[in-house]
Every structure is written in C-alpha cells, then in structure tokens.
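See below for the structure under consideration.
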Amino acid sequence: MRAELEKVRNLLDRAKPNTDEAIKVLGLLTEQGKEHWLIDHFLGIALLHEGSFEKAITSFEASLLKHGENPHTYLQIAKCFNALSDFKQAERYGKASIQLDQQVSEAWIFMGEIYSAQIELDKAIQCFTIANNLDPKNYTVALRLARIHTEKDNLKKALELYDIALHMQPDLREARDEKDKLYASFGRKEKPEGGKFIHLCFNHLYAKSLSDMLTLVNVDYNQQHLLFVESHWAIEEYKPDLSKDEHAVWFNHKYDFPAIINRCLDDDVDGLFIHGLFFDWQRKLIKEIGAKKHIGWIIWGGDLYNPIKVNRPINEVIEQINSIHSLVEGDISVFKKHYGDRQTYRFGYPYPGLYGHIPELNESSDRPRIIVGNSGDYSNNHIEILEALRTKKDVRDYDILLPVSYNLIPEYENAIQKWLNAAGMSDSVKLIKNFIEPDKYRAFIGSSDMLITAHNRQQAIGNMLLSLHSGNSTVLKKKIVVGEKELINPTWELLTNNELDVTSFEEFKRVSSIKSLLNKSKNQKTSQQKIIADKFGIETRAEDLVSSCKAIREMKTAQVPVN
C-alpha cells in the first residue's frame, strides 16, 4: 500500500494534478479493504482539485476519524468551505489547523486571505507577518502584505514589501506595476498654499538629517516637501532609518527611474532639489526633467570641485540647473566662475548629533587623540596631514585616528599604509574602517582633542561644527588650490565669518607641538556652541529652505505670461 499511496501523492503534487488516475488508484485500495487515513485525505485533495468541494469535505472528515490531529487535513477542509463561500466554517477549520501546528506557514497564509476577504485587515496583516517569519523566502507573502498595506493607505510600508518581493523575484511584473502606481500617488494629499517640492538624495547619513528637517518644515510651514532616497549604499551596509518619516520613500534607480521621473513631472510639484551631484542617475534625471521643472542643486563640495579639478566640467548637466544652494559663499563664486550666473540660495544640513535630543555619550580614551580627515576619499590628503604631524615633538603622546569607512579604495589604503611603515608611525596611527553611527560619532569626536583636515575644497562642515561644538581644536586649510589657482578656502571663510575659532593648516604646520594648539577655555566652548545653535541649528536651516522655496515659486509665478 505504501507504494500506491506514494504514487497517488506524486499524481496530485504535479502542476496539473492527474486526479482521474489518483482516484482510480485510491478506489482499488478501498476495494481491497485497505484502511488508512491518507486514502481519505488524498481522495479529498483529488475531489478539491476537481471542484467537488462538498464531497471533498466528506472525505477529509472520514480521514479525521482515523487521524484526528493532522493540521493539513483541517486546512484542506477550510479551503473547501472557503470555496463554498462559507467563511465562518473556513475560519473555524483554519484556526483548528493552526492550533494543532503553529509552524504551518500555509495555514497562516490561508487565514490571512480569509481576513482580507472580510476586510479585517489588521488580522490579515498579523497572519501574513507570521507566515513571512516562518517562510521568509516566500515572495507571495510579501506581495499579499503589500496589497493590504496599499488598501490601508500605508504606501511607505507597501513600497517596502514590494521591494522585498522583488528582491526574491526580480522579474515580478505585478510588484513593479504596483510600485509605479504607489510612487504616482505618493504625497498626493491636498496641495498646501506654499507649494510642493521633491528632494532627491542618495543613501547617506545626511538623508536622515535632511528628512528630520523636512519633517519640521512640513509641520510648521505651509509647504510640503517629499523625499526620495536612492537605495544603493554610499557607505557600505549603512541605511538610515526613515521608517517613521511619512514624507520619505526609497527607490532603486535601476528599476524605479521612470516612475520617479513621472512623479517629479506631475503638475502638483513646484520644484526639485538634487542633493549632491555625484552619480549618473542624478545627471540622467536632470537631463530628462530639463526645463519642465525648476531644478535646484544642493552643492556638497566634491561634486562641484572634482569635475573642475580634472578639467571635465559638467556643462551639459549644469545647463538644466535653475538654482544653486549652499551656505558657502566661496562655493557659489567657484560655480559662477566656471558655469555662469544662477539664482543662489542658502541651504545647509542640520548635523546629526547637534539637534533634537542629544544623548550624553562619553567615550573614554586612555590617551589623548587626534582625528584626521572625515572619509577614505583621497581628497582628504591624509598623507599631507601625517607629514605635518610627524614634525611635532609630542606626536608620540597621541593616538591618531583616520575614519575612512566612506570612499576608501584599496590603492589609497595601500599608499597610506606604505607611508606609515616608512615613517615608523604604524603603531600610533589607526584607520577606522567601520562606519560610526551619528550618535557614536558625536562621542568619538567629543572624546578627542583635535580634528585636522586638509581638503583642497569645501569640506566636512558638519564634522567641523561637531568638533567646535565639543570644544576641540579644529584645523583646516585657509588657502586651497582649485584648477591650479589658489584661493581662500570657502569653508574657512564660512566658519571665520561666523566668528568660529578655527586654526589654519598653515599655522598648524608651523608650530612645534600639538599641545600648543589645545586647551580652549570653558567660555570659548560655550560661545562656540551658542553660535552654532543660532547660525547652524535645524530651525535656522529650515527657515532657509522655506525662504528659498517661496522665492522660487514667486519667480515661477512672475514668469507665467498674462493673457
């Protein structure tokens, strides 16, 4: 009998079950007087496939008389009642299946579908979530959850779930189509009087501080700001938590680009802001939008200086830019010199750790320490700084730390290590390759004594503000070289014009000891903190954004011809 039952199992497990042959084999076993709960169970499955639901229920119940604790039999009966539109009985037998074995993901999926049909969406979400935990690789569960969250108007969660389904099944057309619809409907509440703007940013820690600022603007002002963040890592394995930010969603430029373009071009959008201009998808988006919308470029630093430095200005992209946004007057001057005039507005990110609830995180250190640079990018000029440090008579009294989790390439790392070995400084210099979360970075900076940078461009403003806020000595170049021409460092101008106490790299190179530049007074530290709060706080930066958006709308209105 075992062989016959296995044959029946195979007949029914096919993509197109052979129910006639299965029923024939089961009938022969019955004629031979064979009794086993699987005979009735398999007959019920065959009849269910044929649509004979009432007969199938009879067979399943006969199976339960012989083996009353099989959760799969209860589940099959539940499916029959569901097909007969008897949802009360379907729910009863579905629950019985789960009570017998809570590890059967198919039973949880079935109950989720029952509750979905009865518009009990919260119960459905609970069931599908449990099923997903039991079988994380089942993309159909994520798909079902996404549909329910769409019905509940929870578009962010639905988008996230469609992404999960697509990660498991990249060619899932339904998920792609539904995502496109969700992007089209995102942020389509009543348009506020002050206008609607879309921000496009890449995956970086500043995406979170930007989102926090947009939350403030959306609540306190009559403008609406939506944030679309591209999901590819800029910092390896780092993705800011935007789950509670209702105005912010993720997208993948490889798959979602047409939908994002369409949303940007919608009539309810007054303007776009491109945050940083480093990636091909950003340049492509600007070219596709063209003159159809106002496009503002939030300048980061390297995105402006690097193309000029290698004599490859991005003129064809800049032609489509309507305004530039920066706190740094020197950056604006560099832009205008190389690309011509544009409308200019103030914009800066609130730095994580200097707004909202600031936890007291004290990271202890046995020895005083110096932080060199802010990333692994070669433009930090780490070796130039290390060369200067090596000349100080007390350099061996300090640990020297290089946070390089962002943009470090093997060739540059090898160059640094080669220099350290030759200089005999490998024991006192450490490369920090793991990404440091913002709160921990604040403790990292706060427990240090000095921050030294030497970029030949606008650089690390947030890091410098954090260093100054902590009362640390903060070093940067007063003069930089851009396109083979020397000019005042725009970051130096920004900080000194705001009466912040920074030290020039040129002066740092002249002093004989590190200690001579340390030990600021408590009053100095308090004064620096007040300046930073007043001039660079989240409220001030929010007001800058609101003012620029108001001016952009007024300019747009002035350009509309009057009939």
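The basis for the numbers below is simple: all heavy atoms, side chains too, and nothing from hydrogens, waters or symmetry mates.
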Before you tell me yes or no, could you show the steps for K287 and E319 under salt bridge (charged side-chain N to carboxylate O under 4.0 Å, His left out), namely the whole-Å CA-CA distance, both residues' side-chain angles and the distance that decides it to 0.1 Å? CA-CA 9 Å; K287 290 179 181 178; E319 286 175 0; over 6 Å; no
Do other residues, nucleotides or ligands put more than 12 heavy atoms under 6.0 Å from R2 CZ? no
H204 ring center within less than 6.0 Å of Y406 ring center: yes
Quick one, Y115 with D122, criterion side-chain hydrogen bond (donor to acceptor under 3.5 Å, both in side chains). Give me CA distance, side-chain angles, the key distance, then yes/no. CA-CA 8 Å; Y115 289 129; D122 289 334; over 6 Å; no
On a heavy-atom basis, the closest approach of K293 and V269 is NZ-O, 2.7 Å
Might you confirm whether atom NZ of K66 has over 12 heavy atoms from other residues, nucleotides or ligands at distances under 6.0 Å? yes
Under 6.0 Å from the CG atom of D280, do we count more than 12 heavy atoms belonging to anything else shown? no
Decide yes or no on side-chain contact (heavy atoms from CB on, under 4.5 Å) for S63 and L38, but give the supporting numbers first. CA-CA 7 Å; S63 175; L38 274 175; over 6 Å; no
For the CD atom on E50, are there more than 12 heavy atoms of other groups (residues, nucleotides or ligands in this structure) within a distance under 6.0 Å? yes
More than 12 heavy atoms of other residues, nucleotides or ligands under 6.0 Å from NZ of K550: yes or no? no
At what distance, to the nearest 0.5 angstrom, does CD1 of I295 lie from CD1 of I286? 5.5 Å
Does K284 make a cation-pi contact with F257 (under 6.0 Å, within 45 degrees of the axis)? yes
Is there a side-chain contact between L182 and Y162 in this structure, where contact means two heavy atoms from C-beta onward sitting under 4.5 Å apart? yes
Does any non-hydrogen side-chain atom of F536 lie less than 4.5 Å from one of P350? no
Residue pair L304 / L277, side-chain heavy-atom distance below 4.5 Å: no
Would a distance-only check, ignoring hydrogens and angles, find a side-chain to backbone donor-acceptor pair under 3.5 Å from D303 to F278? no
Parallel, tilted or perpendicular: which one describes the rings of F81 and Y93, with boundaries at 30° and 60°? parallel
Measure from the side-chain N and O atoms of Q118 to the backbone N and O of E120, and report whether any donor-acceptor pair falls under 3.5 Å. no
Y378 versus N407, side-chain donor and acceptor atoms under 3.5 Å: no
Please check if the side chain of Q223 supplies one atom and the backbone of F197 the other of a donor-acceptor pair under 3.5 Å. no
Regarding D377 and S375, do their side chains bring together a donor and an acceptor under 3.5 Å, going by distance alone? no
Is a side-chain N or O of S185 found less than 3.5 angstrom from the main chain of K181, in a donor-acceptor match? yes
State whether a side-chain donor-acceptor pair under 3.5 Å links W108 with N132. no
Please check if the number of heavy atoms outside H232 that lie under 6.0 Å from its NE2 is greater than 12. yes
Between the main-chain N or O of L47 and the side-chain N or O of K55, is there a donor-acceptor pair closer than 3.5 Å? no
I would like to know whether V229 and L242 meet side-chain contact (heavy atoms from CB on, under 4.5 Å); could you show each step before the answer? CA-CA 10 Å; V229 185; L242 304 177; 3.7 Å; yes
Go through it in stages, so that I can follow the logic: the residues are C264 and L200, the test is side-chain contact (heavy atoms from CB on, under 4.5 Å), and I'd like the CA-CA distance, side-chain angles, deciding distance and then a yes or no. CA-CA 10 Å; C264 290; L200 297 119; 4.1 Å; yes
Do R188 and D266 have side chains that get closer than 4.5 Å, going by heavy atoms? yes
Pair H247-H225, side-chain donor/acceptor within less than 3.5 Å: no
Check: R263 and D268 side chains under 4.5 Å, non-hydrogen atoms: yes
When every non-hydrogen atom of Y206 is compared with those of G462, the smallest separation belongs to OH-CA, 3.7 Å
Does a side-chain heavy-atom distance below 4.5 Å link L545 with H199? yes
How close do G94 and A78 get, counting heavy atoms only, and between which atoms? N-CB, 3.5 Å
Please determine whether side-chain hydrogen bond (donor to acceptor under 3.5 Å, both in side chains) holds for the pair N203 and W250, giving the CA-CA distance in whole Å, both sets of side-chain angles, and the decisive distance to 0.1 Å. CA-CA 9 Å; N203 177 4; W250 295 92; over 6 Å; no
Do S323 and H294 pass the side-chain hydrogen bond (donor to acceptor under 3.5 Å, both in side chains) test, and can you show the C-alpha distance, the side-chain angles, and the key distance before you say yes or no? CA-CA 8 Å; S323 59; H294 182 104; 2.8 Å; yes
With distance as the sole test, does E230 use its side chain to make a donor-acceptor pair with the main-chain N or O of H253 at under 3.5 Å? yes
Would the distance check show the side chain of D270 and the main-chain N or O of K196 forming a donor-acceptor pair, the cut-off being under 3.5 Å? yes
Hey, does the side chain of S97 reach the backbone of P71 with a donor-acceptor pair shorter than 3.5 angstrom? yes
D86 side chain vs N82 backbone, donor-acceptor pair below 3.5 Å: no
Which label fits H41 and W37: parallel for a plane angle under 30°, tilted from 30 to 60°, or perpendicular past 60°? perpendicular
When every non-hydrogen atom of C127 is compared with those of M111, the smallest separation belongs to SG-CB, 3.8 Å
Any chance you could lay out the salt bridge (charged side-chain N to carboxylate O under 4.0 Å, His left out) test for K24 and D20, step after step, and finish with the verdict? CA-CA 6 Å; K24 181 180 178 181; D20 290 340; over 6 Å; no
Measure the shortest side-chain to side-chain distance between R144 and E113 over non-hydrogen atoms and say whether it is less than 4.5 angstrom. yes
Please tell me if the side chains of I260 and F228 come closer than 4.5 Å, counting only heavy atoms from C-beta onward. yes
Should we count CG of D13 as having more than 12 external heavy atoms under 6.0 Å? yes
Taking the six-membered ring for Trp, is the centroid-to-centroid distance between Y183 and F251 below 6.0 Å? no
State whether the number of non-hydrogen atoms from other residues, nucleotides or ligands found under 6.0 Å of N434 atom CG is greater than 12. no
Looking only at heavy atoms, what is the nearest atom pair of A248 and F186, with distance? N-CZ, 3.9 Å
Begin from the C-alpha positions of F444 and L401 and carry the test side-chain contact (heavy atoms from CB on, under 4.5 Å) through to its verdict. CA-CA 10 Å; F444 175 69; L401 306 179; 3.5 Å; yes
Look up atom CD1 in I57 and atom CD in E54, then write down how far apart they are to the nearest 0.5 Å. 6.5 Å
Pairing donors with acceptors under 3.5 angstrom, does anything connect the side chains of S211 and D245? yes
How close do Q282 and H275 get, heavy atom to heavy atom, and via which atoms? NE2-O, 3.3 Å
Any donor-acceptor pair under 3.5 Å linking the side chain of D135 with the backbone of A131? no
When the ring centroid of F202 is compared with that of W300, is the distance short of 6.0 Å? yes
